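Worksheet for the structure shown next.
Numbering starts at 1 and runs along the sequence shown. Keep in mind that this is a model prediction, so the values were computed, not measured. Basis for what follows: all heavy atoms, side chains included, without hydrogens, waters or symmetry-related copies.
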Amino acid sequence: MSQTQNNPSVDEACFLHLKEIMVDFKVPLPNSKFSVKIVEADKSYESPVFGKRAQIKWESDLYITSSATIELFVQEVRSSKLHIKKHYTSVSKSFIASETAGNKTVQVDDIPERAKVTVNFTFGDSQSLENVARLLSDEATSALASKVGLLGNIDKVLEFAEVVLKMGGAVSELNPIAKAVVGSVKIAFEKCQKISKGHDHAVTLMNDMVSLLPLPSLIQDIVKEPETKKIMERFLNLVKEAAEALTRYASPSKIKFYARNLLKSEQGTFTKLKAKLNAMKPNMILYLQASTHAVAVQILGNQELDWLNRLNPVISAHYDPKHSCLSGTRVDLLQEIGDWATTQGQTSKLFWMHGIAGSGKSTIASSVASMSYDNKCLAGCFFFKRDIPERRNPQSLFPSLAYSLAILFKPFRDAISQVLQTDPVIAGKAVSLQFEALFNGPISKCSQSSPLKTIIMVIDALDECGESQDRSMVASYLTQLANLAPWLKVFVTSRSNSEIHDQFDNMTRLTRVYKLDLNSIDAVQDIYNFTESRLKTINGLEPKWLQEEKIRALSDRAAGLFIWISTVAEFIRVELDKDTALQEIIEGTSEPGDGPEATLDTLYRFVLQGVKGSKRSQQSLKMILGVVVSTARNRPLPVSGIFHLLPKDPPNYIIPEQAIHTLLKNLQSVLYEDSAIGGAIRVCHPSFLDFMSSELRSGPFWTNPIEVNSEMATRCLQIMGSQLKFNMCKLESSHVPNKDITDLQHKVSYHIPQSLQYSCRYWMDHWHISHPGVNVTGHREHNLVQNILCQPKALFWLEALSLMGELKSSIDILDKASLVFK
């Protein structure tokens with residue numbers, strides 16, 4: 001293969017626009033055939049098969065990656081003198097598309113004793129993936145628009161056929177000829193229906209893609225997170241794939257369009273593409289939310305953003321669209337909430353939805369936030385999590401909500417900027433001061449302005465916020481917040497804890513709270529649909545389990561708890577004998593009527609009993625669960641951290657780290673590894689923590705919290721005593737402020753093990769739980785504490801806390817230590 005000019009450099013991120021391929025046989029070969037195939041990673045394009053010509057031209061008009069492979073095929077067919085036997089001579093050439101970038105001439109000269117073949121490639125300008133997606137979308141839109149007239153004719157055919165079928169039904173039973181005619185019309189009617197529905201699917205798919213297409217352009221220059229860029233790249237590739245499919249569907253002439261679609265409807269293709277888009281959309285929204293800071297840079301400018309960043313918003317407390325309600329479930333309930341949100345002049349400015357653990361409150365809250373986001377009326381949201389420190393802290397709530405509202409509403413942003421210039425550390429102050437400074441004052445200054453529509457704040461799982469007194473206080477302020485402005489409403493979910501219930505009851509004397517008890521909502525059909533959906537995702541399950549009777553038997557045992565079905569599905573997913581396990585669940589769990597909590601308890605005990613092993617394995621399971629439950633109230637740890645915090649002194653059995661991995665693998669239905677926070681082991685649902693914390697509910701799996709926390713305090717002190725040292729992060733100088741140290745967070749993660757970080761921060765919490773109000777003089781912990789606080793290690797401990805950003809916690813720890821260790 002020879003080329004007539006040098007290759008230009010090719011940007012691997014660009015797409016080459018291959019406009020046409022021209023083939024020239026120097027001496028015409030009457031029996032020759034020629035074709036081109038272009039192969040990319042997951043797709044290919046093929047030209048028609050050309051033959052019996054001196055010159056061939058394929059107007060390919062393709063956008064291909066520079067790494068695509070171009071394959072040329074030449075085949076010559078010759079007959080013997082007696083015309084009995086044919087001889088085939090085949091030649092193929094393959095090369096990378098980047099080798100032909102620009103206008104190229106490639107010569108194929110491997111056909112023996114015959115004419116040579118010259119191939120000319122014509123390229124247009126290279127394009128970025130985003131530009132390709134836009135160009136192809138425009139072409140697809142134009143092609144679809146050109147078929148409007150044809151579809152109008154099909155609609156007329158459908159109308160006519162429908163009349164014929166209605167009139168001919170009775171006649172056809174009497175007249176065989178009429179029956180045959182009606183049968184033919186029915187077939188035509190069904191095929192035309194498929195064409196019409198297929199086109200509707202095509203148009204819907206195109207509209208959905210075009211509506212999302214501006215997003216990559218908005219964030220491409222300002223978002224640096226690799227994951228967000230990957231999501232956008234996958235989306236643009238999907239747009240390219242769909243646009244190519246839509247163009248192929250809509251481009252043929254009138255006759256070919258009818259013929260192709262009568263033979264085979266493209267509805268299935270478009271449905272699959274739409275499913276891909278729907279699966280991708282939640283991730284796009286989620287990563288865009290995580291990129292709020294970057295988008296805000298563009299919108300606000302650095303100066304304003306510098307001030308707003310002092311609010312320290314907890315971005316991870318945003319809703320996750322992947323956790324919204326299953327399509328077709330909770331329809332009436334979401335409509336009721338939607339009506340409340342959009343109705344003007346209501347006296348109920350706060351909507352409180354309460355229910356038991358596992359009834360789907362957070363899923364509904366995610367759906368409400370998602371609907372509000374789509375309608376451009378989400379003023380902010382905060383999803384509390386008891387096992388994530390920054391998401392259970394009441395001091396995180398109002399600064400995060402103020403940040404979101406400031407991004408959305410400029411008059412409020414201006415007012416907040418003034419507050420932060422006066423008091424830059426307001427985010428670290430008491431909640432009462434935060435509310436006054438961040439909402440009461442600024443919103444009163446916005447009295448002459450208002451957003452274009454009513455905006456909503458969504459707060460989920462208020463019962464997982466701080467302590468009892470914190471929840472009562474926050475509930476009071478949320479009611480006040482909802483009544484600060486006519487354009488603001490607040491949606492809250494929680495369990496029906498007494499401190500929250502009492503606070504909202506007291507507030508009704510001044511303002512009406514819209515209350516909804518989720519347990520009073522009939523969810524039987526929703527639970528059934530959810531059960532069917534989850535079972536369909538389990539590979540290797542016998543078809544009989546997807547029969548209505550089996551699905552109903554399982555869904556009835558859920559007692560209205562979606563978490564029960566989720567736990568069952570995850571338990572079955574990892575079982576080898578899935579059918580037997582599912583049958584055992586139905587036979588071994590509570591019958592309907594035992595009550596939601598009893599139903600959940602029976603299932604959790606069933607899951608834990610399923611961890612097979614020796615008596616020692618059962619002991620190990622209890623010890624591991626004890627550490628998981630104990631650390632969850634502070635900060636969940638990865639397996640390596642759990643391993644180091646398990647007892648290491650005789651007579652305790654030292655559990656190998658691999659054994660922890662094995663045990664946790666068998667508990668994937670109740671525990672999971674959260675890659676977003678360093679592989680920490682977290683509970684799938686807080687109801688499992690409630691179950692494990694009650695001796696009455698968990699029975700033989702319960703671990704005494706006083707014993708566990710006493711052992712944890714000892715292990716924390718032992719880890720600190722053996723691992724704390726000067727300059728743990730190996731910094732070049734101790735005179736540089738933390739904020740000026742490059743990549744400090746990475747240095748801390750690399751040099752200070754998770755178990756040591758945890759020990760430095762929470763050793764006193766474990767001691768306080770295990771020895772409330774006890775003065776220690778002779779305990780072994782007293783010597784361990786002296787070995788740290790009364791030695792140079794105290795400075796190393798403070799250094800570690802400082803590098804971790806936890807230095808403030810040392811004040812509370814030392815205050816408690818001065819009272820306990822005398």
Side-chain angles (χ1 to χ4, degrees), residues 323-326 328-330 333 353-367 461 463 493 495-496 517-538 541 545-546 548-575 578-611 666-672 682-694 696-699 701:
H323 296 158
S324 297
C325 297
L326 177 70
T329 62
R330 300 294 198 184
L333 175 57
M353 185 183 74
H354 56 91
I356 59 176
S359 54
K361 299 182 298 296
S362 293
T363 305
I364 294 168
S366 291
S367 291
D463 54 285
T493 75
R495 301 186 200 185
S496 188
D517 183 357
L518 194 55
N519 306 326
S520 67
I521 303 296
D522 183 5
V524 173
Q525 189 57 43
D526 289 341
I527 290 281
Y528 176 90
N529 293 340
F530 184 68
T531 305
E532 181 180 31
S533 173
R534 293 305 299 267
L535 290 179
K536 284 181 177 179
T537 66
I538 301 175
L541 199 61
W545 289 106
L546 297 179
E548 182 178 356
E549 179 186 354
K550 295 291 187 181
I551 296 172
R552 186 68 66 188
L554 194 62
S555 64
D556 284 347
R557 277 169 168 71
L561 299 179
F562 288 85
I563 187 59
W564 193 92
I565 298 297
S566 293
T567 304
V568 168
E570 292 309 310
F571 178 76
I572 296 300
R573 193 183 305 281
V574 298
E575 289 291 302
K578 303 180 188 304
D579 302 289
T580 301
L582 199 46
Q583 187 62 47
E584 288 177 350
I585 287 176
I586 289 181
E587 294 173 353
T589 53
S590 302
E591 292 291 333
D594 286 354
E597 189 174 275
T599 300
L600 201 53
D601 290 352
T602 304
L603 177 61
Y604 283 152
R605 284 194 293 271
F606 182 89
V607 170
L608 295 178
Q609 288 164 357
V611 180
N666 294 322
L667 294 174
Q668 291 182 48
S669 56
V670 291
L671 300 172
Y672 75 101
R682 298 181 59 196
V683 293
C684 294
H685 194 270
S687 59
F688 184 68
L689 288 177
D690 299 333
F691 166 79
M692 286 301 305
S693 300
S694 168
L696 181 64
R697 296 177 63 183
S698 57
F701 301 102

State, with a plain yes or no, whether a side-chain heavy atom of I572 is found less than 4.5 Å away from one of I585. yes

Of the non-hydrogen atoms in S324 and T363, which two are nearest, and what is the gap between them? C-CG2, 3.4 Å

Do the non-hydrogen side-chain atoms of N529 and R330 ever get within less than 4.5 Å of each other? no

Sorted by chain and number, sequence neighbours left out, side-chain contact (heavy atoms from CB on, under 4.5 Å) with S694 holds for L696, R697

With a 4.5 Å limit on heavy-atom distance, are the side chains of E584 and T580 in contact? yes

Heavy-atom side-chain contact between L582 and W545 under 4.5 Å: yes

Is the side chain of S367 donor-acceptor paired with the backbone N or O of C325 at a distance under 3.5 Å, no angle test? yes

Output for pair (T329 OG1, I364 CD1), nearest 0.5 Å, gives 8.5 Å

In this structure, CZ of F606 is separated from OG of S669 (nearest 0.5 Å) by 10.0 Å

In plain terms, say whether R495 and D690 are close enough for a salt bridge, that is, a side-chain N and a carboxylate O under 4.0 Å apart. yes

Closest non-hydrogen atom pair, S555 against T531: CB-OG1, 3.4 Å

Among residues at least two apart in sequence or on other chains, which ones pass side-chain hydrogen bond (donor to acceptor under 3.5 Å, both in side chains) with E570? R534, R573

Yes or no on side chain to side chain contact (heavy atoms under 4.5 Å, CB included) for V670 and M692, after CA distance, side-chain angles and deciding distance? CA-CA 11 Å; V670 291; M692 286 301 305; over 6 Å; no

Listed partners of Y604 passing ring pair (Phe, Tyr, Trp, His ring centres under 6.0 Å), at least two apart: F688, F691

Non-neighbouring partners of T493 that pass side-chain hydrogen bond (donor to acceptor under 3.5 Å, both in side chains), sequence neighbours left out: D460

Could you walk me through whether V607 and L667 pass the side chain to side chain contact (heavy atoms under 4.5 Å, CB included) check? CA-CA 7 Å; V607 170; L667 294 174; 4.2 Å; yes

Which residues satisfy the ring pair (Phe, Tyr, Trp, His ring centres under 6.0 Å) test with H354, sequence neighbours excluded? W352

Would you say that L333 contacts L518 through its side chain, given a criterion of any heavy-atom pair below 4.5 Å between the two side chains? yes

4.5 Å side-chain heavy-atom contact, L554 and I586: yes

Return the minimal non-hydrogen interatomic distance between R605 and F701, and the atom names on each side. O-CE1, 4.2 Å

Could you pull out all residues at least two apart from N519 that satisfy side-chain contact (heavy atoms from CB on, under 4.5 Å)? I356, S359, D517

Using modelled atom types only, decide if a donor and an acceptor are shared between the side chain of K578 and the backbone of E575 within a distance under 3.5 Å. yes

Geometric cation-pi criterion, R552 with Y528: 6.0 Å, 45°: yes

Separation of T602 OG1 from R557 CZ (nearest 0.5 Å): 11.0 Å

Are side-chain heavy atoms of S566 and F530 found at a separation under 4.5 Å? yes

Do I521 and D526 come within less than 4.5 Å of each other through their side chains, counting heavy atoms only? no

Can you name the closest pair of heavy atoms from F571 and A581 and give their distance? CE2-CB, 4.4 Å

Smallest heavy-atom separation, I527 atom then G560 atom, equals CD1-C, 3.9 Å

